[in-house]
Amino acid sequence: MDKSIIQLVDELPTDNITVKVLNALDYVAPGEWSNLTGFENNIRSITGVTDAKVIQKIRDRAVVLYEDPQQGYQFAVKLYQTIDKADTAMATAALANKISEKIGFLSFLGNITPKADVTQSIDLVLKIAVEIIAFCKLNGIPQPNPQEFANSLANNYQNASLMRMIALVCIDGILPLGPDFLSKIQGVISSTDAGAITQNPVFLAINNFLPGSNPSDKVGFISQGFNSVQGWMNNLVSKTGITPQSISSHLGNFIQIADDNLDFVAAFLDQTTNYYEHTGIQTVVRSLILQAYALVKEEIKQEQQKPIQDVSSASAVKSDKNQYEVSKTVEVWDGEEEDWYQGTIEKIQDDQFFIHYLGYGSSYDEWVGEDDIRTRDLRSTDDNGYAVGQKVKCWDDDQEAWYSATIEQIQNQQYFVHYIGYDSSYDEWVDSDEIS
């Protein structure tokens with residue numbers, strides 16, 4: 001099962017060789033990138049929100065958006081992961097080639113691995129193609145459009161997105177190929193047989209993502225993508241004055257480099273870092289959180305315009321299936337786990353609700369009855385997370401079963417509950433450890 005966006009962001013490393021390399025490149029665009037990790041930390045940093053309940057709403061909405069294939073978030077993450085995994089394998093080949101050049105008795109490796117310049121050039125242009133596709137998907141552009149991407153790169157790229165492109169120029173361009181990397185790449189692309197490109201392992205890994213009905217169309221798109229960003233890359237180098245030596249020097253401040261052969265260093269970094277996936281996840285989560293935050297703000301605005309319901313009376317807390325609608329986020333009771341899980345309503349049929357559980361694959365989707373779902377729209381909760389009017393499950397020791405109830409009153413750590421489907425003679429006070 002693919003990891004949820006929360007898992008992906010929570011598991012981003014705070015300090016490994018990828019992070020060290022990205023920090024080393026901060027001198028190219030000072031302060032542009034910070035290594036934001038942890039999903040809720042991202043919410044606070046990106047939106048400025050500190051209210052725990054609003055953060056939870058943003059988190060819940062973001063999870064739903066991420067799992068919606070129409071939004072393109074999962075697609076973009078898969079792209080970034082795929083290109084980095086394939087790149088690692090190609091970097092291993094390039095590294096073997098460099099080793100064969102340095103060590104005579106291993107020269108046979110050079111005969112069975114691609115020449116590093118060709119490998120590196122193809123790798124870079126394929127990463128550009130992936131960036132164009134991901135950008136268009138995240139921004140709702142129906143078809144990959146190199147010119148739209150180039151315009152945004154020149155005018156709008158920032159944070160993790162900009163750092164990813166800077167790393168591409170430095171680690172995949174200047175460091176292994178030298179200051180004239182653009183002309184070298186242009187020469188490789190124009191002189192290399194299309195078949196050599198389409199048989200490249202990285203190309204094969206992302207082939208299904210590339211637009212075009214045949215290999216020739218796909219190679220054409222790759223070439224068009226590279227041509228669209230050459231100007232930006234050239235301007236970046238001219239404006240910042242970055243050189244292979246300056247990159248190596250700044251890398252040396254963060255990681256120990258034992259070899260002064262820069263293309264050897266570049267092959268090593270390609271093999272040991274995953275900056276495309278790392279910053280790609282950060283790009284996706286920023287876009288995702290901003291969209292979720294906009295939707296949540298609109299929800300809160302609408303809630304504030306509605307009259308506040310008096311939930312102190314029993315009539316206000318009666319079960320009403322009209323409060324449930326398709327796409328609404330609810331909590332669903334799991335009798336085996338004896339706990340509530342978040343899900344979204346996908347379908348409604350009479351008093352049955354087809355639920356997709358947040359963070360789980362579609363194989364867990366199921367129909368549940370109204371008795372086993374509840375909403376979390378109530379405004380105030382006590383220290384235990386309960387509120388008057390909230391639907392809960394109450395444990396009955398005699399029957400050894402859970403019963404659905406609503407909280408009518410709260411007094412200290414005790415709750416006066418009304419059992420759904422039973423008359424008021426069954427109402428009673430229960431302790432906090434008897435309800436869920």
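Residue pairs meeting the side chain to side chain donor-acceptor pair (under 3.5 Å) criterion with at least one partner in residues 181-197, sequence neighbours excluded, are Q186-Q230. Listed by first and then second residue, the side chain to side chain donor-acceptor pair (under 3.5 Å) pairs involving residues 284-296 are Q71-Q291, Y73-Q291 (not counting sequence neighbours).
Legend: residues meeting side-chain hydrogen bond (donor to acceptor under 3.5 Å, both in side chains) with N145, ordered by chain and number and at least two apart, are absent. By the ring pair (Phe, Tyr, Trp, His ring centres under 6.0 Å) test, F135 pairs with F149, sequence neighbours left out. A search for ring pair (Phe, Tyr, Trp, His ring centres under 6.0 Å) contacts involving Y341 returns nothing, not counting sequence neighbours. Here F75 pairs with F209 under the ring pair (Phe, Tyr, Trp, His ring centres under 6.0 Å) rule; sequence neighbours left out.
Note that K347 lies outside the cation-pi zone of F353, set by a 6.0 Å cut-off to the ring centre and a 45° limit from the axis. Judged by the 6.0 Å and 45° rule, R374 forms no cation-pi pair with W333.
A donor-acceptor pair under 3.5 Å links the side-chain atoms of N16 to the main chain of T18, judged by distance alone. One N or O on the side chain of Q390 and one on the backbone of A387 form a donor-acceptor pair closer than 3.5 Å. Panel note: side chain E32, backbone M163; no donor-acceptor pair is recorded below 3.5 Å. Remark: side-chain polar atoms of D334 are paired, donor with acceptor, to backbone N or O of E337 under 3.5 angstrom.
Looking at E331 and K391, no side-chain N of the basic residue comes within less than 4.0 Å of a carboxylate O on the acidic one, giving no salt bridge. Contact check on D339 versus K393 returns no salt bridge, with no Lys/Arg side-chain nitrogen under 4.0 Å from an Asp/Glu carboxylate oxygen.
Side-chain N/O atoms of N23 and D26 include no donor and acceptor closer than 3.5 Å. Checking S327 against E325 by side-chain atom types alone, no donor-acceptor pair falls below 3.5 Å.
Around the CD atom of Q143, the shell of radius 6.0 Å holds no more than 12 heavy atoms that belong to other residues, nucleotides or ligands.
Here the rule is side-chain contact (heavy atoms from CB on, under 4.5 Å) with N200, and of N207, I206, I122, D123 only I122 fits it.
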